[in-house]
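Naming convention: chains lettered A, B, ... in sequence-line order (proteins, then strands); numbering from 1 in each chain.
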Amino acid sequence: MDMKARVAAHLLTTLHTAFGDAATDADALKNLLEVPPDRAMGDYAFPCFTLAKALRKGPPMIAQALADAWQPCDFAQAACVNGYLNFFLDREQLARETLSAVLAAPGKWGSTDQGAGRTVCLDYSSINIAKRFHIGHLSTTMIGHSLRRIYQHLGYNTVGINHLGDWGTQFGKMICAYKRWGTKEQVEAGGVDALMALYVRFHDEAEKDPALEDEGRAWFKRIEDGDPQALDIFNWFKQLTLTDAERVYSILGVTFDSYAGESFYNDKMDRVVTELREKGLLVESQGAYVVDLEAYKMPPCIILKKDGATLYATRDIAAAIYRHDTYDFAKSLYVVAYQQDLHFRQVFKVIELMGYDWHASLEHVAFGMISYEGQTLSTRKGHVLYLEDVLRRATEKALAIIEEKSPGLENKPEVARQVGIGAVIYADLQNNRIKDIDFWWDRALNFDGETGPYVQYTHARCCSVLRKVTGELAVTDWAALADDEAQMVLLLLSRFPDVVQEAALRNEPSMITRHTTLIAQAYNKFYYEHRILDDEPGTVAARVMLTKAVQDVIKTGLYLVGIEAPERM
RNA sequence: GUACCUGUAGCUCAGUUGGAUAGAGCGUCAGACUCCGACUCUGAAGGCCGAAGGUUCGAAUCCUUUCAGGUACGCCA
């Protein structure tokens, strides 16, 4: 049991003593405990205001009564101030318990088995065929990747799904362009860029010769009908795109369990349409078939076009059902930009109306738009920023700093990659995901202050200190960690598991990014105020333990948001 | 027009289910390396939490109205 839980349990006993029956339990009480704004007020506090009505007493009186009834114990003291009962954790106990717990299982701090036997599906990244990976894909990729690691940390089985955008008439047009103007060698050499060039040329030529549009549609029809030649070319284009994306994924360390994209669901939509019809949800409207959602203050969800063809929503409903059938998920998350908010609200509602009780486990994890130096990204206008360029420049910047500050470092290119990429990922996962991001080079390449490299630096610094420890450590003098700076570090370490919980609950990786940064800041302050290796043996042992714990938790925190933690940089 | 999201320091943003004196980084100014890694640390300046009402013992947080910006709204995905 952690210190906070022990305080809550003891507070429960105290409530019984002071006021007889207390209609609550220790868990509920633990949630009522809060962190005072200033550490001088205590480590945790219980606001007595909520009890005022039930007990018909003023909050200060309640706090006083609780303080009087508080039985001395070895882990915390209590004091009342202005209607709050403030708790001061025993400093030695906090040090002993926190560090023992962290160091008992390296890399596991904050992990649980609460998700054992349960599966979370995560739909993220979801790239389009024949398009290059650009900065706009970063958020979905990294938020999804991070959430996946967070859920794994909590014992869940996870399924990472890259829902490929691999269906639509544009692919018929692309084949048409390839057949007319492309060559195998040229496309093999140029990859996705060559495909893009063909697509652009198609549009230019089609303006002069509208017949091309029909030719493109005809090629798409051949894909739909399973024509071998069309499928071969299409699958080849698909492979080229995946190879291109895989290069970026491998730099970022991102992986998937499934690449089942839009085309995968082609033969799974009839069932949805039939089912909707049987359940009386499908109504004819202006020639199309829709599910009316007026009762829920939403526009109708279009299932079938006038020509009988299916749509995006049809496909997503089929995909949701397929995923539930296949993975029996406890949660299914869609890491998709907020522009699609209405779409997902409609889809989820239709699934609810179909009578599937698991509709409540579907969640749209929305995130903000990314723009580039104040302007909306636009491939057509040439205002694009490819992710590889961003990662490359960040790596170059990191390498330049390494050359300047640690010229003797081994493995410089690899470390530069870790640091440069760390800066980019950190910037993406630093703030609440709903915020729009405007990308500026100078901001992305800033390595000072609250940045990935700052946190990585602190980790490397811990590693450096630990490397200098020689021989056996003496018996730990926990009391040596009673100073304010060490205590701040310990408190933050002790709260890390709660932060992981909250991050999962809110599907918000930034909570972990920020808390990990707080730990780094607190440790750097501690580092400046205290000598670690030159002191009494028992004190050295204690400070080394603290350093080891900080190193481990920072590494875990960074891992959970998808950032590597080099030991030297 | 309707729905959703966002307005907190010059800039970028934190701020837990309402709680004590609203915080951090960047930038600015002033400091700290004969010492375990200065990609570090200390200090200063900087605020009508978009605005107005309301609920409450208590509101940046909840409700209403309103202003500003963004996004989405039937046959694309």
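The side-chain hydrogen bond (donor to acceptor under 3.5 Å, both in side chains) test applied to A/Y44 returns no partner, not counting sequence neighbours. With sequence neighbours left out, the salt bridge (Lys or Arg N to Asp or Glu O under 4.0 Å) criterion links A/E224 to no other residue. Legend: residues meeting ring pair (Phe, Tyr, Trp, His ring centres under 6.0 Å) with A/W167, ordered by chain and number and at least two apart, are A/F220. For A/Q487, the side chain to side chain contact (heavy atoms under 4.5 Å, CB included) criterion is met by A/R39, A/R91, A/L94, A/L490, not counting sequence neighbours. For A/K548, there are no salt bridge (Lys or Arg N to Asp or Glu O under 4.0 Å) partners at least two apart in sequence or on another chain.
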Which pairs would a plain distance check flag for residues 281-288 of chain A, meaning a side-chain donor or acceptor within less than 3.5 Å of a matching protein atom at least two apart in sequence or in another chain?
| unit_1 | atom_1 | unit_2 | atom_2 | d |
| --- | --- | --- | --- | --- |
| A/E284 | OE2 | A/G287 | N | 2.7 |

Enumerate, atom names and distances included, each donor-acceptor pair closer than 3.5 Å involving a side-chain atom of residues 532-539 of chain A, sequence neighbours excluded.
| unit_1 | atom_1 | unit_2 | atom_2 | d |
| --- | --- | --- | --- | --- |
| A/D534 | OD2 | A/R531 | NE | 3.2 |
| A/D534 | OD2 | A/R531 | NH2 | 2.6 |
| A/D535 | OD2 | A/R543 | NH1 | 3.2 |

Decide side-chain hydrogen bond (donor to acceptor under 3.5 Å, both in side chains) for A/R461 and A/N524; before the verdict, give the C-alpha distance in whole Å, the side-chain angles of both, and the deciding distance to 0.1 Å.
CA-CA 9 Å; A/R461 178 183 248 183; A/N524 281 325; 2.8 Å; yes
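One finds no side-chain N or O of A/Y527 lying less than 4.0 angstrom from the OP1 or OP2 phosphate oxygen of B/U42. Contact annotation: A/K468 side-chain N/O to B/G37 OP1/OP2 distance is under 4.0 Å. For the pair A/Y528 and B/C36, the criterion of a side-chain N or O lying under 4.0 Å from OP1 or OP2 is not met. Residue A/K297 has no polar side-chain atom (N or O) positioned under 4.0 Å from OP1 or OP2 of B/U2. At least one side-chain nitrogen or oxygen of A/K435 sits closer than 4.0 Å to the OP1 or OP2 atom of B/A14.
A/D448 comes within contact range of the sugar-phosphate backbone alone, with a heavy-atom separation under 4.0 Å but no base atom that close. Base contact: A/A460 has a heavy atom under 4.0 Å from a base atom. No contact: A/H163 has no heavy atom under 4.0 Å from any strand. Within the nucleic acid shown, A/N432 comes within 4.0 Å of sugar-phosphate atoms alone, with no base atom in reach, counting heavy atoms only. As judged by a 4.0 angstrom heavy-atom cut-off over every strand, A/D442 is placed among residues making no nucleic acid contact. When heavy atoms are screened at a 4.0 angstrom cut-off, A/A309 is found touching no nucleic acid atom at all.
Donor-acceptor pairing under 3.5 Å is recorded for the side chains of A/Y338 and A/D436.
B/G74 shows a glycosidic angle within 90° of 0 and is accordingly assigned syn.
Nucleotide B/A30 is matched to B/U42 when pairs are restricted to Watson-Crick or G-U wobble geometry with both distances under 3.5 angstrom.
Of all the residues in residues 494-524 of chain A, A/R506, A/R514, A/Q521, A/N524 reach under 4.0 Å from RNA chain B with at least one non-hydrogen atom.
Using a cut-off of 4.0 Å between Lys/Arg side-chain N and Asp/Glu carboxylate O, A/D123 and A/R323 are scored as salt-bridged.
Relative to the six-membered ring of A/Y523, A/K525 misses at least one condition, a distance below 6.0 Å or an angle of at most 45° to the axis.
Ring orientation note: the planes of A/H137 and A/F133 are nearly perpendicular, at an angle over 60° on the 30°/60° scale.
A ring pair (Phe, Tyr, Trp, His ring centres under 6.0 Å) check over residues 300-320 of chain A, counting only residues at least two apart or in different chains, returns the pairs A/Y312-A/H343.
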Starting at the 5' end of nucleotides 57-64 of chain B, put B wherever the base has a protein heavy atom under 4.0 Å, S where only the sugar-phosphate does, and a dash everywhere else.
B-------
Just by protein heavy atoms under 4.0 Å, how would nucleotides 68-77 of chain B read 5' to 3' in B, S and -?
--SSSSBBSB
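Two rings, from A/H163 and A/Y265, have their centers less than 6.0 Å apart.
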Protein N or O to nucleotides 45-50 of chain B N or O, pairs below 3.5 Å:
none

